[in-house]
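Below is one structure, written out as structure tokens; the observations come after it.
These values consider heavy atoms only, across backbone and side chains, with no hydrogens, waters or symmetry-generated copies.
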Amino acid sequence: MAIRVYNTMSRTKEDFVPREPGKVAMYVCGPTVYNHIHVGNARTFLSFDVIRRYLMWRGYEVTFVQNITDVDDKIIKRAQEEGRSPAEIAETYTLAFRSAMDALGVLPPTRQPLATQTIPDMIAMVERLIERGHAYVVDGDVYFSVRSYPGYGELSGRDIDELEAGARVEVDERKQDPLDFALWKAAKPGEPHWPSPWGEGRPGWHLECSVMSERELGVPFDIHGGGSDLVFPHHENERAQSEAATGKQFVRYWMHGGMLQIDSEKMSKSLGNFLLLKDVLAKHPAAVIRMLMLQTHYRSPLDFSDARLDEAAAALERITNAVRNLQWAVETAGGGPGASSDARSALADAVREARQRFEEAMDDDFNTAGALAAVFELGRKCNAFLAENASVLAADDRAVLVDAAAAIRELLGVLGIELQPAEREAEPSADVIGMARDLAGYSGSDPDEALRALLAAREAARAERNWEAADAVRDALGVLGYAIEDTPQGPRVVRRGGDWG
RNA sequence: GGCGACGUGGCCAAGUGGCAAGGCAGGGGCCUGCAAAGCCCUUAUCCCCGGUUCGAAUCCGGGCGUCGCCUCCA
């Protein structure tokens, strides 16, 4: 079965056929580095990270290019406000962007070109456009002539004449048409500038993506992504420039993500209702943020709130508990008569079904919500199997349990949701030594031993039905962030509210 | 004003013609010394009104509502 992709251009889902079998060339518009990115920006980057990961998982070799816009009006403005150079501002927020992406678990791009390092190619494209009659020079500025490109408006579904009728753009008498946009801007005093055939200046915003994507990937490349607010005018303009300059198709599949909202309104800098990604990451694990965002389809609007974050955390805990329960069963299996062969094969079937449902959902325009449902369903079936069979497991029941846990981890991994390895769950801290002295008469200095001593003391108390003493141990460990769970195979210790993800 | 998207249980959310996934929250039961984890059960006239069809959440028309783009914006 083919992967289906919703193409903004055709407004339908299409079979995904890359230009070269087995390889995918994709480009996602990166940030303008004048500030920290907010959670809305992050959602788009997260969506395309998952699309990329899924394509890789399906066996494609993916070349993923994302630009950094490091020259722009807003950077210049910010620099003037802070009394720093535009280059310093750009560098500061480029580094901040990379580290925030890394913290969110977004894979680094295959290549990440900077606008300022692509200036000669941009000048070359402007020259090409002038030669072909698609651009004109006015006082050191160069404008693209939208009327010269017949396909203008096709991507965003707009009609030039209607656009002009409703246009709120300030009329610039120097433009031949109000919709014409700047390819190259003459530098004002104090602004960054580069030499060009039209005088000192800097590139327009739309130009850089056209140039960097073509240089890194060639045209047409397979997927061009961004937020839905980039469809017009940014991507419309990119397409017009590139196709006018090359005479070739620019992009095979245009993909756009839905907006993140707060109280049903788009999160944006201008409304002031934004949360910085770094601030949210300081309070919530990346896995929780990813879980929240991936429970909604990438093209739908998504309301962001603390309540939603808490729900996502609970959902993630449910699935991590399922994996933990499986691992505990694997560790303690043995000695019993074993699960029935029916039960065992039913679980094996559940694993197979989950993989299949996951893939079907993701093949259908990257339906992460459906894919997650398949994982949750598998988690529930695993727990049900354990509820039924945990006390009778034999050593040869382990394989299917290991398979199930591996499947859950693998599938979540495709979504970039990493579960912490179980071994690291309950590394005891030095605090337990003192506690073991007080409550279990422990006299050594090894945290692991101390923890075992505490558990033994509690078990002894329980055997004597001395609930007060037993609960004292449990409560004391609870204060340190450990929870004791009694199972048919004995007590186990898990970390609560730890640093999952 | 123009263009577009969306409206599914208390909340969130999949699902584009054939008995309505999943998560969160609530209720009941089971397991447990008590817990925790978990299992089972439990809640839907799919915004409204028409139409097409043997059959519609799904297709068509109208209405109401929400959001986005049309200006920098992920």
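- Across all strands shown, Met291(A) has no heavy atoms under 4.0 Å from either base or sugar-phosphate atoms.
- Salt bridge Arg357(A)/Glu360(A): absent, no basic N to carboxylate O contact under 4.0 Å.
- Using a 4.0 Å heavy-atom distance criterion, Ile484(A) is classed as a base contact.
- Nucleotides C48(B) and G7(B) place their C1' atoms 11 Å apart, quoted to the nearest Å.
- Counting only distance, with no hydrogens or angles, the side chain of Arg492(A) and the backbone of Trp328(A) share no donor-acceptor pair below 3.5 Å.
- When Watson-Crick and G-U wobble pairs are counted only if both distances are under 3.5 Å, A5(B) pairs with U66(B).
- Straight-line distance between the P atoms of C54(B) and U16(B): roughly 23 Å, to the nearest whole Å.
- A donor and an acceptor atom, one from each side chain of Arg147(A) and Gln176(A), are nowhere located under 3.5 Å apart.
- Partners of Lys74(A) under the side chain to side chain donor-acceptor pair (under 3.5 Å) rule, at least two apart in sequence or in another chain, do not exist in this structure.
- Across all strands shown, nothing is found opposite U45(B) as a Watson-Crick or G-U wobble partner with both distances under 3.5 Å.
- Heavy atoms of Leu260(A) sit under 4.0 angstrom from at least one base atom.
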Enumerate all atom pairs, one protein N or O and one N or O from nucleotides 27-34 of chain B, separated by less than 3.5 Å.
{"from": "G33(B)", "atom 1": "N7", "to": "Arg462(A)", "atom 2": "NH2", "distance (Å)": "3.4"}
{"from": "G33(B)", "atom 1": "O6", "to": "Arg458(A)", "atom 2": "NH2", "distance (Å)": "3.4"}
{"from": "G33(B)", "atom 1": "O6", "to": "Arg462(A)", "atom 2": "NE", "distance (Å)": "3.4"}
{"from": "G33(B)", "atom 1": "N1", "to": "Asp471(A)", "atom 2": "OD1", "distance (Å)": "3.0"}
{"from": "G33(B)", "atom 1": "N2", "to": "Asp471(A)", "atom 2": "OD2", "distance (Å)": "2.7"}
{"from": "C34(B)", "atom 1": "O2", "to": "Arg474(A)", "atom 2": "NH2", "distance (Å)": "2.5"}
{"from": "C34(B)", "atom 1": "N3", "to": "Arg474(A)", "atom 2": "NH1", "distance (Å)": "2.8"}
{"from": "C34(B)", "atom 1": "N3", "to": "Arg474(A)", "atom 2": "NH2", "distance (Å)": "3.2"}
{"from": "C34(B)", "atom 1": "N4", "to": "Asp486(A)", "atom 2": "OD2", "distance (Å)": "3.1"}

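- Looking at heavy-atom distances under 4.0 Å, Lys266(A) makes contact with a base.
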Output one letter per nucleotide in nucleotides 5-20 of chain B: B when a protein non-hydrogen atom lies under 4.0 Å from the base, S when only the sugar-phosphate is that close, - when neither is.
-------SSSS-----
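- Comparing A21(B), C72(B), G23(B) against the side chain of Glu377(A) picks out A21(B) as the nearest.
- Judged as a side chain to side chain donor-acceptor pair (under 3.5 Å), and not counting sequence neighbours, Asn466(A) has no contacts.
- Evaluation of the ring-ring contact (aromatic ring centres under 6.0 Å, His included) rule for Phe97(A) yields Phe45(A) as partners, not counting sequence neighbours.
- In this structure, the nucleotide among G23(B), C69(B), A74(B) sitting nearest to the side chain of Arg318(A) is G23(B).
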Return the polar atom pairs (N/O with N/O) between nucleotides 40-44 of chain B and the protein under 3.5 Å, or none.
{"from": "C40(B)", "atom 1": "OP1", "to": "Arg380(A)", "atom 2": "NE", "distance (Å)": "3.4"}

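- Within the 4.5 Å cutoff, the side chain of Ile89(A) has no heavy atoms near those of the Gln80(A) side chain.
- Contact annotation for Glu388(A): no contact, since no heavy-atom pair falls under 4.0 Å across all strands.
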